[in-house]
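Written below as structure tokens is the structure these notes are about.
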2 protein chains.
Amino acid sequence: MYGMEAKTRLVESARELMWDRGYAATSPRAVLDAAGVGQGSMYHHFRGKEDLARAVVEGNAETMRAQVDRDLAGPGSAVERLARYLRRERDVMRGCRFGKLAQDPDVVASPVLGPRVADMFGWLVERLEVVVREGQAAGELRDSLDAHRVASAVAATLQGGYVLARAAGDPAAFDSAVEGLLGLLDTARTTS
Amino acid sequence: MYGMEAKTRLVESARELMWDRGYAATSPRAVLDAAGVGQGSMYHHFRGKEDLARAVVEGNAETMRAQVDRDLAGPGSAVERLARYLRRERDVMRGCRFGKLAQDPDVVASPVLGPRVADMFGWLVERLEVVVREGQAAGELRDSLDAHRVASAVAATLQGGYVLARAAGDPAAFDSAVEGLLGLLDTARTTS
DNA sequence: GTCTATAGTAAGATAGAC
DNA sequence: GTCTATCTTACTATAGAC
């Protein structure tokens, strides 16, 4: 963290703290201490807390889109690709960087942060929907299923899995939810 | 709110504020203003913010257990009862009173609040699991399904549905997720 | 029981030196 | 560009009068 310039260190420190504590609970003071820079440095590079968070969110969005694309656009059938996405190794107890923000009233109310979180989830569900449709076109998944709704259920199970895991204090709760959904998805295949 | 004694007004005010803002973001100051009482009154009836939250959570737990039992223990097949639970009218944009707490680091870290939230979700998943097993015993749901995992997926979809709705700023995202799961549950029925 | 006054700490941001 | 000092406001809690 100390081999970078101050601006980069600020964003990286904020990224870690926001992942753990969310937006509202991440104070500029804590970010500065973690980055090892003074306050003046932050207010030189950013307009304030919200602007720093914007930089964090933009970086996270790029990373997440790339990860999702890797899982969903790779080889395999539709269900195999959904399974690869759902079962990807995750830092379950830290939660989803975006799901955490969506729960924060300050984020949703922010004109700069709110739309970015909304866009991320809108994109994700659309992306999942495409995979479901491909599965239907290939005759793998039943045509009777509503692709958008199934995609929404997949995204929701993931987000809810994080909630259950944090509530239980046990990552296994996340795995149970994911495997439960995959079990149901398996019954929705035309081939068996 | 003003027809009750101060202690009751404090709990009710805190309940509303915590539903909207969560635990950490709900200040005693805001609760006192909403309840229309002074600070001394609160510190007479409660040991502090955490103790007041405990009273709120205990009341919420009772309410939620009663609601879930009404939905799941009533008449109908297993899938019908799960659908009644999932489709029950909800204040989607306000979210789940317990899911919100599970996401709050201060709550999870609290020895008095954390276990209460954990117990609530543990009880819920167990309760859903019983319904799935009943469906299997009745020959309605496939025996190949893991009841615990399916129950976890149901609970997770609900919690994740709230996340998607808040991110999108649209309750319809919640409905899509719920209907997506119900669509998958329908394919898991042995009868059609 | 309920109130106001006040304490001590931390939040988020600004000013101005270097 | 980066620093420290300072400002204003809010938080959670305590003290002590009524």
Side-chain angles (χ1 to χ4, degrees), chain A residues 1-57 100-101 104-114, chain B residues 1-57 100-101 104-114:
Chain A
M1 189 67 73
Y2 283 83
M4 320 171 195
E5 49 179 335
K7 185 172 180 179
T8 308
R9 288 212 305 274
L10 283 165
V11 176
E12 292 309 314
S13 297
R15 191 191 313 286
E16 292 304 306
L17 287 167
M18 282 176 62
W19 193 6
D20 285 327
R21 323 219 256 249
Y23 173 68
T26 298
S27 69
R29 180 73 259 152
V31 175
L32 297 173
D33 289 348
V37 302
Q39 277 186 324
S41 194
M42 166 178 151
Y43 284 99
H44 171 76
H45 291 293
F46 302 97
R47 302 181 61 205
K49 176 182 178 173
E50 192 183 36
D51 191 40
L52 175 57
R54 179 199 49 73
V56 169
V57 170
K100 191 153 292 187
L101 295 180
D104 194 323
D106 289 9
V107 171
V108 176
S110 160
V112 31
L113 301 177
Chain B
M1 189 67 73
Y2 283 84
M4 320 170 195
E5 51 179 334
K7 184 173 181 178
T8 309
R9 289 212 305 275
L10 283 166
V11 175
E12 292 309 314
S13 297
R15 191 190 313 285
E16 293 304 305
L17 287 167
M18 282 177 64
W19 193 8
D20 286 327
R21 321 218 258 250
Y23 172 69
T26 297
S27 69
R29 180 72 261 152
V31 174
L32 297 172
D33 288 347
V37 302
Q39 278 187 323
S41 194
M42 167 179 152
Y43 284 99
H44 171 76
H45 292 292
F46 302 97
R47 301 181 61 208
K49 177 182 178 174
E50 192 183 37
D51 191 41
L52 175 56
R54 179 199 48 73
V56 169
V57 170
K100 190 151 295 187
L101 295 181
D104 194 323
D106 289 10
V107 171
V108 176
S110 160
V112 31
L113 301 177

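What you see is a predicted model; the values in this text were computed from it and never measured.
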Starting at [atom1] of [X] and ending at [atom2] of [N], how long is that distance when rounded to a whole Å?
{"X": "A:His45", "N": "D:dT2", "atom1": "NE2", "atom2": "P", "result": "4 Å"}
{"X": "B:Phe46", "N": "D:dT14", "atom1": "CZ", "atom2": "P", "result": "16 Å"}
{"X": "B:Leu10", "N": "D:dA13", "atom1": "CG", "atom2": "P", "result": "14 Å"}
{"X": "A:Asp33", "N": "D:dC3", "atom1": "CG", "atom2": "C1'", "result": "14 Å"}
{"X": "B:Lys7", "N": "C:dT2", "atom1": "NZ", "atom2": "C1'", "result": "15 Å"}
{"X": "B:Arg29", "N": "C:dT4", "atom1": "CZ", "atom2": "C1'", "result": "10 Å"}
{"X": "B:Asp106", "N": "D:dC11", "atom1": "CG", "atom2": "C1'", "result": "13 Å"}
{"X": "A:Leu17", "N": "C:dA11", "atom1": "CG", "atom2": "C1'", "result": "15 Å"}

Where the side chain of [X] is defined as all heavy atoms beyond and including C-beta, which of [options] is the nearest nucleotide?
{"X": "B:Gln39", "options": "C:dA11, D:dT12, C:dA13", "result": "D:dT12"}
{"X": "A:His44", "options": "C:dC3, D:dC11, D:dG1", "result": "D:dG1"}
{"X": "A:Lys49", "options": "C:dG12, D:dT14, D:dG1", "result": "C:dG12"}

- Message: Any carboxylate oxygen within less than 4.0 angstrom of a Lys/Arg side-chain nitrogen, looking at A:Asp33 and A:Arg29?
- Response: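 Here A:Asp33 pairs with A:Arg29 in a salt bridge, since their nearest N and O are under 4.0 Å apart.
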- Query: Can we say B:Arg9 and B:Glu12 salt-bridge, meaning some charged N sits less than 4.0 Å from an Asp/Glu carboxylate O?
  - Reply: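 Looking at B:Arg9 and B:Glu12, the cut-off is not met.
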- Under the criterion side-chain contact (heavy atoms from CB on, under 4.5 Å), which of A:Leu101, A:Val11, A:Val31 is the partner of A:Val56?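 For A:Val56, the side-chain contact (heavy atoms from CB on, under 4.5 Å) test succeeds with only one of A:Leu101, A:Val11, A:Val31, which is A:Val11.
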- Looking at every strand, decide which applies to B:Gly40 at a 4.0 Å heavy-atom threshold: base, sugar-phosphate, or nothing.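 Base contact - B:Gly40 has a heavy atom under 4.0 Å of at least one base atom.
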- Task: Report the distance from atom OH of A:Tyr23 to atom NZ of A:Lys49, rounding to the nearest 0.5 Å.
- Result: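 Those atoms lie 5.0 Å apart.
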- Nearest 0.5 Å, what's the CG-CZ distance between B:Asp104 and B:Arg21?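 Those atoms lie 13.5 Å apart.
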- DNA chain D: 5'-proximal contact among A:Ala6 and B:Met42 (nearest heavy atom):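 Closer to the 5' end of DNA chain D: A:Ala6.
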- Side-chain N or O of A:Ser27 closer than 4.0 Å to phosphate OP1/OP2 of C:dA10: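 For A:Ser27, the contact criterion (side-chain N or O under 4.0 Å from OP1 or OP2 of C:dA10) is not met.
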